Amino acid sequence: MKRTQIKKEQDNGMTEEEVVHLRREIGLLPAVSFIIGTVVGSGIFIAPKGVLMNSGSVGLSLLVWALCGILSLFGALCYAELGTTFTKSGGHYTYLLETLGPLPAFLRLWVEFLFIRPAVASYVSLTFGRYVVEPLFAPCPAPMALIKLVSILGVTFVVAVNCWSVSMASRTQVTLTFIKMFALVLIIVPGIIALAKGKTENFQNGFELDSITLDRLPLAFYNGLYAYGGWFYLNFVTEEVINPNRNIPLAIICSMVTVTVFYVLVNVAYYTMMTPGELLLSDAVAVTFANRALQGLASVIPILVALSCLGALNGSFFGSPRMLFVGAREGHWPPIFSMIHIRRRTPLPAVLLLYPLVVVMLITGEIYQLINFASFSRWFFIALATLGMLIHRYRFPHHPRPFKVPLAIAVTFTVVCFFIVGLSLYSDPWNTGRSCALTLTGVPVYYATVYRLRVPHRLMHIFNYCSKQLQILLEVAQQEVQTY
């Protein structure tokens, strides 16, 4: 793999520290923390309701959680191969560009930043706001306006950290990851103790066949897979990982096995202390659990959950802008977004673009519709990326692959992803159709602005002038070295 190649000092008289480029600052521990900290967010504290609602029984919901973990591990292993085969940052976008061409890559970029990322970030931030505000108003309902205001403050904090420093964002992620793992342990331990004492009545008749509805099952998987979402974020920052050929696969395997075990145990703990009906009535499952099992620590759990959500937000705002950064570098997005701050070495314009989009989605969106609305596009493009990996294997069998996932795992993951996406058209045609339509709006944009530029000259002049002024205001510049 190519190391960062610094321009000759005699050409410009600058040392490596003075040259503007993204540094390799992410070691193994930050990489593991980055994945775990992004995966373990709001999902495990809210998605159990969606999984149970759509699976119909306790036993099947636990099976869904386990299968979602295995499927996510399969996908993460596929992305470990992609991340060591293609050394650019950018995740999904880069892999689609390298294997299937520019149009699928552009559509992924288009839908990610106009829809998927704002929707997912607003979902997590709303959960953060809910867990901060609701305990202050219990047992009365908290005002939604205040929840959304606190959510916006959380997003603002995360954006500020990621604009300020890569190392600060990395240290913040490591700290928040340890806090959220402590929160999961606090939930698991009393649940396992109660289970060992014989509290198993909620697991009786765990598989009630009469309540299973196959048309709703894909939505159960969507909720479960959303809770595991984030295993691909390390691939967004490949160019900033130290020794990526070793650290990317190792970090992915360690983190996903850990998360899967913890998630299943957390759900077992939930069902030990709550009936299925009580869980379905709860908008804050972890708080309801704490009131039952941790009376002395019940007030601490909402704080830990809120910090967990903050960690997931930090991870997504650290990783996702790198996709936009690489897309702009490849000419698929305005050049201003391929620039980094000359002193902070952060992709400032790409991070800042997300902020107003998340705030708008947060104010106008509905929390459960956001999951189903975003899941179709996300999983469709992930399936395309792994399909592209298989095609690339066939077309270029001698291409160097430092890490190679077994063919059976890659095929299984790709087929299951396409199957779930296909079933969602039947289970939730309205949200799926809207998601598909929004994705396709990128096609005319691609042909008008990327494939063959058809923007009026005067409009381009105005746009270039505004970009130049914005570059001066933000103090950003293009990278001066190749980092892949």
Side-chain angles (χ1 to χ4, degrees), residues 1-6 14-39 83 87-91 93-94 113 117 121 154-178 230 232-244 247-248 251-252 255 310-329 336-355 358 471 474-484:
M1 176 180 172
K2 297 180 182 177
R3 293 287 182 184
T4 302
Q5 298 174 356
I6 306 299
M14 291 193 294
T15 65
E16 179 176 346
E17 285 301 313
E18 294 172 329
V19 173
V20 178
H21 71 287
L22 295 173
R23 267 69 170 168
R24 292 191 182 274
E25 299 181 9
I26 302 174
L28 181 59
L29 177 60
V32 172
S33 299
F34 185 55
I35 298 174
I36 293 179
T38 309
V39 172
T87 56
K88 295 180 182 178
S89 295
Y93 167 82
T94 295
F113 283 91
R117 187 51 40 211
V155 173
T156 303
F157 168 77
V158 167
V159 169
V161 168
N162 281 276
C163 288
W164 188 258
S165 166
V166 171
S167 59
M168 179 182 288
S170 178
R171 289 195 298 268
T172 301
Q173 192 68 4
V174 171
T175 303
L176 292 174
T177 297
F178 279 103
F232 43 75
Y233 277 101
L234 189 62
N235 296 69
F236 289 177
V237 296
T238 303
E239 295 171 32
E240 297 169 67
V241 176
I242 301 169
N243 191 8
N247 286 338
I248 288 179
I252 283 174
S255 57
L310 205 62
L313 268 180
N314 184 67
S316 65
F317 271 89
F318 185 80
S320 292
R322 269 61 175 182
M323 183 192 294
L324 189 66
F325 171 82
V326 174
R329 193 172 64 187
I336 183 70
F337 295 104
S338 66
M339 299 182 184
I340 62 176
H341 195 275
I342 57 176
R343 291 186 302 278
R344 301 292 173 193
R345 271 85 176 189
T346 58
L348 192 62
V351 175
L352 289 178
L353 175 66
L354 274 177
Y355 183 65
V358 170
Q471 181 181 354
L474 296 177
E475 296 184 306
V476 294
Q478 297 280 1
Q479 283 198 117
E480 297 175 321
V481 300
Q482 178 177 309
T483 53
Y484 55 90

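Note that this is a predicted model, so its numbers are computed, not measured. The first residue in the sequence is number 1, and the count goes up from there.
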Say you draw a straight line from CZ of F317 to OH of Y355; how long is it, rounded to the nearest 0.5 Å?
9.0 Å
Please tell me if the side chains of S255 and V39 come closer than 4.5 Å, counting only heavy atoms from C-beta onward.
no
Checking T175 now: which residues fulfil side-chain contact (heavy atoms from CB on, under 4.5 Å) with it, not counting sequence neighbours?
I179
Is there a side-chain contact between R329 and K88 in this structure, where contact means two heavy atoms from C-beta onward sitting under 4.5 Å apart?
yes
Could you tell me which residues satisfy side-chain contact (heavy atoms from CB on, under 4.5 Å) with A169, sequence neighbours excluded, listed by chain and number?
V161, N162, N314, F318
How far does CD1 of I35 sit from OG1 of T177, to the nearest 0.5 angstrom?
10.5 Å
We want to know whether R322 and S89 form a side-chain donor-acceptor pair, criterion being a heavy-atom distance below 3.5 angstrom.
no
Would you please name every residue forming a side-chain contact (heavy atoms from CB on, under 4.5 Å) with P321, sequence neighbours left out?
A350, V351, L354
Quick one: does F157's side chain get under 4.5 Å of L313's, heavy atoms only?
no
Looking at residues at least two apart in the chain, or sitting in another chain, which of them share a side-chain hydrogen bond (donor to acceptor under 3.5 Å, both in side chains) with S316?
none
Contacts of type side-chain hydrogen bond (donor to acceptor under 3.5 Å, both in side chains), residue E475, not counting sequence neighbours:
R343
CH2 on W164 to CG on L348, rounded to 0.5 Å:
11.5 Å
With S170, which residues qualify under side-chain hydrogen bond (donor to acceptor under 3.5 Å, both in side chains), at least two apart?
none
Looking only at heavy atoms, the pair that brings S320 and R117 closest together is OG-NE, 2.8 Å
Please report the C-alpha distance between L474 and L352 in whole Å, then the side-chain angles of each, then the deciding distance to 0.1 Å, and finally whether the side-chain contact (heavy atoms from CB on, under 4.5 Å) criterion is met.
CA-CA 10 Å; L474 296 177; L352 289 178; 3.9 Å; yes
Not counting sequence neighbours, which residues clear side-chain contact (heavy atoms from CB on, under 4.5 Å) with T38? List them please.
F34, Q173, Y233
Looking at residues at least two apart in the chain, or sitting in another chain, which of them share a side-chain hydrogen bond (donor to acceptor under 3.5 Å, both in side chains) with T172?
none
Looking at SG of C163 and NE2 of H341, how far apart are the two atoms once the value is rounded to the nearest 0.5 Å?
9.0 Å
Atom CD1 of I252 and atom CG of N235: how far apart are they, to the nearest 0.5 Å?
5.0 Å
What's the separation between atom CG in L234 and atom CD1 in I248, rounded to the nearest 0.5 Å?
5.0 Å
What's the shortest heavy-atom distance between A31 and I26, and which atoms?
N-CG2, 3.8 Å
